[in-house]
Amino acid sequence: MDSLRELTAADETLDPADWADAEALSHRILDDAITYLKDVRERPVWREMPAEVRSFFKTPLPRSPAPVAEVYDDVARNVMPYPMGNIHPRFWSWYMGASNFTGALGDFLAAIQGSNLGGGNHAAGLLDSQVVNWMKEMMGFPATSSGTLVSGGSMANIIGLTVARNAKAGVDVRERGVAAMPKPLRYYASDQVHSCHRKAMEALGLGNRALRRIPTDAGLRIDIGALKAAIAEDREAGFKPACVIGTAGSVNTGAVDDLQVLAKVAAEEDLWFHVDGCIGALIAIAPENRPLVAGIQQADSIALDPHKWLHAPFEAGCALVRDAAAHRNTFAVTPEYLESTPRGLASGAWLHDYGLQTSRGFRALKIWMALKEHGVEKFGRLIDQNIAQARYLTGLIETEPALELMAPTTINIVSFRHRLDDGSEERLKAFNTEIMLRLQEEGIAALSDTTVHGRHCLRVAIANHRTRREDLDLLVREMLRLGREIKAAAPSM
Ligand SMILES: *Cc1c(COP(=O)(O)O)cnc(C)c1O
């Protein structure tokens with residue numbers, strides 16, 4: 001007996017040896033975190049890492065213990081000062097949200113509780129389903145529809161496109177695979193469609209060519225006549241037109257396809273109607289701009305991204321599917337080790353039946369807490385605010401002779417460039433890229449760039465609850481200064 005007790009006394013654990021120490025360190029981390037957020041405006045948006053920071057990440061696998069306070073010091077020194085920068089008020093690169101403090105607390109509490117949202121009868125499971133229900137309500141989707149929280153928009157799109165494939169395959173594609181389909185499927189989207197759809201088509205076994213890119217009009221919206229012609233042509237050639245993907249907010253310019261017309265075409269042509277709303281679906285909650293996404297509630301499936309315009313800390317995406325049975329039938333599998341029981345822990349819903357993951361994180365909590373704290377109306381107003389800021393910047397560009405708007409501003413993305421007196425496209429690209437890089441390297445603002453209808457441009461995407469109009473004034477001033485400096489140093493510009 002005694003020797004048994006000795007053996008159990010020696011059991012190791014990952015819990016702190018001294019909870020009082022853990023408490024003191026946690027309070028210090030929390031204080032530092034609050035200062036970090038409070039002072040974010042005073043710091044550069046981004047900075048290059050010195051060589052010693054880069055080499056810090058080459059240290060070998062730690063074999064023996066270190067005090068956690070030292071571990072934290074390493075993080076404070078080498079990680080926290082060199083962020084991506086998207087929590088900064090002047091970060092407008094690519095497209096991402098700016099996170100939020102309450103969401104960070106939610107992530108912490110989710111990790112403390114440590115629940116696995118694969119499913120089961122526990123509070124986190126109910127909360128996860130509640131957040132999905134709130135998303136349906138925001139989109140105007142019926143209560144009978146279903147959905148799931150995933151890592152982000154790319155996964156949310158894969159969910160929608162997979163349900164579409166299985167619904168339209170004409171064969172039990174889960175059992176027999178795509179090779180057994182009587183006709184090859186065709187999907188349609190505008191030439192502005194996000195690159196994740198290509199990956200989805202490849203992963204689904206349909207192949208990239210099965211996604212037809214339809215030309216866009218001057219506003220970068222899908223050309224409906226060209227879409228109809230492509231569908232007719234494919235039917236004639238023996239394909240099965242299966243799905244049309246509407247983009248609600250394109251990543252290049254923020255263009256919003258005419259979702260009402262797409263819904264109608266999809267109904268007439270018997271296509272699945274999927275909306276990639278990673279950027280713009282949430283405009284449905286914005287009081288002033290909501291008409292821009294009218295028709296989204298008619299979709300068969302929607303991908304949206306709470307880590308963009310709801311500013312959830314990464315990661316959080318959401319897929320909604322109108323036909324709950326079609327959704328579940330695409331993914332549900334019940335192995336013998338995951339059977340439900342009439343009572344107890346295994347009597348709750350199996351949330352992994354709605355996607356590809358088995359274990360799932362408690363990502364709902366960070367969304368839930370921030371929505372409860374602020375209310376959905378405030379999130380809607382913040383979306384309107386970003387769109388108004390993009391229009392304000394558009395106005396600044398239009399009145400500044402040295403700058404040139406490159407695409408119409410529909411929502412919160414502004415595509416523009418600095419002019420050159422006698423610039424070829426190539427020189428304009430080099431000049432504008434240099435301005436963009438100096439803005440980043442001087443820590444002033446983070447912009448990204450793209451090419452729209454063959455012309456290079458800089459992009460400001462304002463999905464940021466910390467941006468103020470004065471930040472946009474500063475951007476224009478600094479761009480003009482850098483433009484002058486670069487031209488002075490290289491007079492050929
Ligand atoms: C961001 C984005 C995606 C991909 O979403 P992730 O959350 O980055 O995976 C897909 N489509 C559009 C239009 C996007 O803007």
Side-chain angles (χ1 to χ4, degrees), residues 84 86 91-99 103 135 139 147-162 164 187-204 208 211 213-214 216 219-222 243-257 259 262 273-284 292-293 296 299 301-320 355-357 361 363 366-367 383 386-387 390 407 410-415 446 448-450 452 459-464:
M84 162 72 95
N86 53 299
F91 182 97
W92 306 303
S93 288
W94 307 297
Y95 201 99
M96 53 191 85
S99 197
M135 297 290 162
M139 291 302 112
T148 184
L149 296 176
V150 291
S151 55
S154 304
M155 283 309 300
N157 279 310
I158 285 205
I159 299 283
L161 301 195
T162 309
Y187 285 41
Y188 308 85
S190 90
D191 58 18
Q192 299 295 303
V193 72
H194 190 274
S195 58
C196 72
H197 294 277
R198 174 191 174 133
K199 288 200 204 178
M201 296 303 284
E202 293 169 3
L204 287 174
N208 180 41
L211 174 58
R213 275 74 164 181
I214 307 298
T216 42
L220 287 305
R221 294 148 47 109
I222 191 167
C243 173
V244 60
I245 302 165
T247 296
S250 69
V251 67
N252 268 336
T253 68
V256 182
D257 288 340
L259 302 179
L262 285 182
F273 178 31
H274 175 79
V275 173
D276 180 349
C278 289
I279 288 177
L282 285 158
I283 296 174
L292 283 173
V293 294
I296 197 166
S301 52
I302 306 176
L304 62 148
D305 234 356
H307 63 207
K308 289 179 175 171
W309 243 335
L310 291 184
H311 305 293
F314 290 114
E315 304 162 337
C318 179
L320 298 178
L356 292 162
Q357 290 179 252
R363 50 173 62 97
K366 59 193 170 194
I367 304 172
I383 290 170
N386 282 163
I387 295 174
T410 318
I411 51 172
N412 59 335
I413 300 178
V414 184
S415 307
S448 57
D449 63 345
T450 189
V452 176
R459 245 178 104 261
V460 166
I462 317 172
N464 194 319

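This is a predicted model, so every value here is computed, not measured. Numbering starts at 1 and runs along the sequence shown. Order of listing sets the numbers, starting from 1, for every ligand and every atom in it.
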Using modelled atom types and a 3.5 Å cut-off, is there a donor and acceptor pairing between side-chain atoms of [X] and backbone atoms of [Y]?
{"X": "Thr216", "Y": "Asp191", "value": "no"}
{"X": "Arg363", "Y": "Ala312", "value": "no"}
{"X": "Asn208", "Y": "Glu202", "value": "no"}
{"X": "Asn412", "Y": "Ala461", "value": "no"}

Any idea which atoms of ligand 1 are less than 4.0 Å away from a heavy-atom of [X]?
{"X": "Ile279", "result": "15 (O)"}
{"X": "Asn157", "result": "10 (C)"}
{"X": "Gly152", "result": "7 (O), 9 (O)"}
{"X": "Gly249", "result": "13 (C)"}
{"X": "Ser154", "result": "4 (C), 5 (O), 6 (P), 9 (O)"}

Hey, mind stepping through Ile222 and Leu262 against side chain to side chain contact (heavy atoms under 4.5 Å, CB included) and telling me if it holds? CA-CA 9 Å; Ile222 191 167; Leu262 285 182; 4.1 Å; yes
Which segment of [X] sits under 4.0 Å of ligand 1 when only heavy atoms are counted:
{"X": "Met96", "result": "neither"}
{"X": "Cys196", "result": "side chain"}
{"X": "His307", "result": "side chain"}
{"X": "Thr247", "result": "neither"}

Hey, is ligand 1 close enough to His197 that some N/O pair sits below 3.5 Å?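 Checking ligand 1 against His197, no N or O pair falls under 3.5 Å apart.
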Short N or O distance, Cys278 and ligand 1, threshold 3.5 Å exclusive: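 In this structure, Cys278 places no N or O atom under 3.5 Å from an N or O of ligand 1.
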Within the 4.5 Å heavy-atom criterion, are Leu356 and Met155 side-chain neighbours or not?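 Touching, per the 4.5 Å side-chain cut-off.
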Side chain to side chain, Leu282 and Met139, heavy atoms closer than 4.5 Å: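 The answer is yes, as the side chains (C-beta and beyond) meet within the 4.5 Å cut-off.
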His197-Asp276 side chain donor-acceptor pair, cut-off 3.5 Å: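 His197 vs Asp276: donor-acceptor pair found between side chains.
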[atom]: which protein heavy atom is closest, and how many Å away?
{"atom": "atom 11 (N) of ligand 1", "result": "Asp276 OD2, 2.7 Å"}
{"atom": "atom 1 (C) of ligand 1", "result": "Lys308 NZ, 1.4 Å"}
{"atom": "atom 6 (P) of ligand 1", "result": "Gly153 N, 3.3 Å"}

What is the distance from atom CG of Asp305 to atom CD1 of Ile279, rounded to the nearest 0.5 Å?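 One gets 9.0 Å once the value is rounded to the nearest 0.5 Å.
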